[in-house]
Amino acid sequence: MSLVWTALSDGELATLSIAGRQAAFAEIVRRYRQPMFRLSRAFLGDADDAMDVTQEAFVAAHQALSRYDPNRSMQAWLTTIAVNKCRDWARKRAVRRFLSFALPNDEQVQSIVDEQVPIDDAAGDRQELDRVTRAISTLPANLKEPLVLRTIEGLSQAETAEVLGISQKAVETRLYRARARLLEKLGNR
């Protein structure tokens with residue numbers, strides 16, 4: 001008898017994955033790779049970095065599956081892991097930028113050029129999306145996180161509070177501040 005992976009609950013998939021069924025974890029990845037990628041891209045502002053972070057988040061999730069509580073939302077659990085991976089990535093990027101000042105000038109120029117986001121001139125909508133994504137990625141983490149989780153990922157205020165470990169009122173306040181700051185950034189073309 002073969003299992004219909006798409007019909008199983010997240011908790012059942014986690015249990016089967018822990019038992020060694022690779023296809024069960026593949027189904028978890030299939031269900032949540034797009035939301036995790038969108039989340040990472042919104043946090044980091046770069047598709048390539050977001051892909052790397054998404055992969056790291058799924059690797060970490062696979063290793064931590066035994067700690068997953070089936071009574072909790074799989075998406076909220078994975079989102080927590082992805083947010084932490086984004087924070088780690090941002091810290092690493094900040095260290096790399098700091099250390100790049102110690103490089104000779106020609107290496108500094110090369111590292112700056114490598115970090116540029118290519119813009120597709122033929123797609124105005126794509127340019128606007130990239131502009132907004134870059135603006136979101138420049139927000140401080142305490143404002144960016146609730147904005148991305150609520151607005152882009154569509155988590156409820158309670159789920160966002162759970163993922164970030166803050167109160168729902170704090171989510172509301174940070175969301176208001178994030179939107180105001182984003183409007184300021186986007187108003188300055």
A.B. asks: Report whether Met74 and Trp5 are members of the same hydrophobic cluster (ILVMFWY, side-chain heavy atoms less than 4.5 Å apart, transitive linking).
C.D. replies: yes
A.B. asks: On a heavy-atom basis, which atom in Ala14 and which in Leu65 lie closest, and how many Å separate them?
C.D. replies: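 Residues Ala14 and Leu65, closest heavy atoms: CB-CD2, 3.8 Å.
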A.B. asks: Can you confirm whether Arg41 sits close enough to Asp46 that some side-chain heavy atom of one is under 4.5 Å from a side-chain heavy atom of the other?
C.D. replies: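 Side-chain contact under 4.5 Å: no.
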A.B. asks: Drop me the distance from Cys86's SG to Asp88's CG, to the nearest 0.5 angstrom.
C.D. replies: 9.0 Å
A.B. asks: Assess the residue pair Thr54 and Ser40 against the criterion (side chain to side chain contact (heavy atoms under 4.5 Å, CB included)); give the C-alpha distance rounded to whole Å, side-chain angles, the decisive distance to 0.1 Å, and a yes or no.
C.D. replies: CA-CA 7 Å; Thr54 300; Ser40 299; 3.5 Å; yes
A.B. asks: Let me confirm one number: the CG-CD distance from Leu16 to Glu12, rounded to the nearest 0.5 Å.
C.D. replies: 7.5 Å
A.B. asks: With a 3.5 Å distance limit and no angle check, can you tell me whether Gln157 reaches the backbone of Gln168 through a side-chain donor-acceptor pair?
C.D. replies: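 Yes; judged by distance alone, with no hydrogens or angles, the pair exists.
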A.B. asks: Taking NZ, NE, NH1 and NH2 as the nitrogens, is one of them in Arg87 or Glu145 under 4.0 Å from a carboxylate oxygen of the other?
C.D. replies: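 A salt bridge links Arg87 with Glu145.
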A.B. asks: Any donor and acceptor pair, going by atom type alone, linking the side chain of Lys144 with main-chain N or O of Phe43 inside 3.5 Å?
C.D. replies: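 Yes; at least one donor-acceptor contact below 3.5 Å.
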A.B. asks: Flag yes if Leu143 and Val148 sit in one hydrophobic cluster, no otherwise; membership is Ile, Leu, Val, Met, Phe, Trp, Tyr, and two members link when side-chain heavy atoms are under 4.5 Å apart.
C.D. replies: no
A.B. asks: Quick one: are Pro70 and Tyr68 in side-chain contact, heavy atoms under 4.5 Å?
C.D. replies: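 Counting from C-beta outward, Pro70 and Tyr68 do come under 4.5 Å.
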A.B. asks: Does one hydrophobic cluster hold both Leu8 and Leu78, with members joined at side-chain heavy-atom distances below 4.5 Å?
C.D. replies: yes
A.B. asks: In Å, rounded to the nearest 0.5 Å, how long is the span from CD1 of Ile28 to CZ of Arg33?
C.D. replies: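 Separation between the atoms: 13.5 Å.
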A.B. asks: Tell me if a side-chain donor or acceptor on Glu27 pairs with a main-chain N or O of Ala24 at a distance below 3.5 Å.
C.D. replies: no
A.B. asks: Does Phe25 have any ring-ring contact (aromatic ring centres under 6.0 Å, His included) partners at least two apart in sequence or in another chain, and if so, which?
C.D. replies: His62
A.B. asks: Check this for me: does any side-chain nitrogen of one of Glu162 and Arg72 sit under 4.0 Å from a carboxylate oxygen of the other?
C.D. replies: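 Salt bridge: yes.
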A.B. asks: Under 4.5 Å between any side-chain heavy atoms of Val53 and Phe37, yes or no?
C.D. replies: no
A.B. asks: If we only count heavy atoms from C-beta on, is the Lys185 to Arg181 side-chain gap below 4.5 Å?
C.D. replies: yes
A.B. asks: Applying the side chain to side chain contact (heavy atoms under 4.5 Å, CB included) test to Thr160, which of Thr151, Ile166, Leu155, Leu175 qualifies?
C.D. replies: Leu155
A.B. asks: Determine, stepwise, if the pair Ile152 / Ile136 fulfils side chain to side chain contact (heavy atoms under 4.5 Å, CB included).
C.D. replies: CA-CA 11 Å; Ile152 296 173; Ile136 291 171; 4.1 Å; yes
A.B. asks: Should Asp10 and Arg31 count as an ion pair when the cut-off is N to O under 4.0 Å?
C.D. replies: yes
A.B. asks: Within the structure provided, determine whether Thr79 and Met36 are in side-chain contact (heavy-atom separation under 4.5 Å).
C.D. replies: yes
A.B. asks: Could you pull out the closest heavy-atom pair between Ala135 and Leu182, with the gap in Å?
C.D. replies: CB-CD1, 3.6 Å
A.B. asks: Measuring from atom CZ of Phe58 to atom CD1 of Ile81, what distance do you get when rounded to the nearest 0.5 angstrom?
C.D. replies: 9.0 Å
A.B. asks: Report the C-alpha distance between Trp89 and Glu56 in whole Å, list the side-chain angles of each, state the deciding distance to 0.1 Å, and finish with yes or no for side chain to side chain contact (heavy atoms under 4.5 Å, CB included).
C.D. replies: CA-CA 10 Å; Trp89 193 270; Glu56 286 181 23; 3.4 Å; yes
A.B. asks: Do side-chain atoms of Ser17 reach the backbone of Leu13 as a donor and acceptor pair under 3.5 angstrom?
C.D. replies: no
A.B. asks: Rounded to the nearest 0.5 Å, what separation is found between the CG atom of Asp52 and the NZ atom of Lys85?
C.D. replies: 12.5 Å
A.B. asks: Is there a side-chain contact between Gln75 and Glu153, using heavy atoms and a 4.5 Å cut-off?
C.D. replies: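 Yes, their side chains come closer than 4.5 Å.
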A.B. asks: Hydrophobic clusters here meaning ILVMFWY residues chained together by side-chain heavy-atom distances under 4.5 Å, can you tell me if Tyr32 and Ile18 are in one?
C.D. replies: yes
A.B. asks: If you count every heavy atom of other residues, nucleotides or ligands that lies below 6.0 Å from Arg38 atom CZ, does the total exceed 12?
C.D. replies: yes
A.B. asks: Hey, could you give me the CG/CG distance between Leu147 and Asn142, rounded to the nearest 0.5 Å?
C.D. replies: 11.5 Å
A.B. asks: Taking side chain as C-beta onward, heavy atoms only, is Val83 less than 4.5 Å from Leu149?
C.D. replies: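 Yes; the side chains approach each other to less than 4.5 Å.
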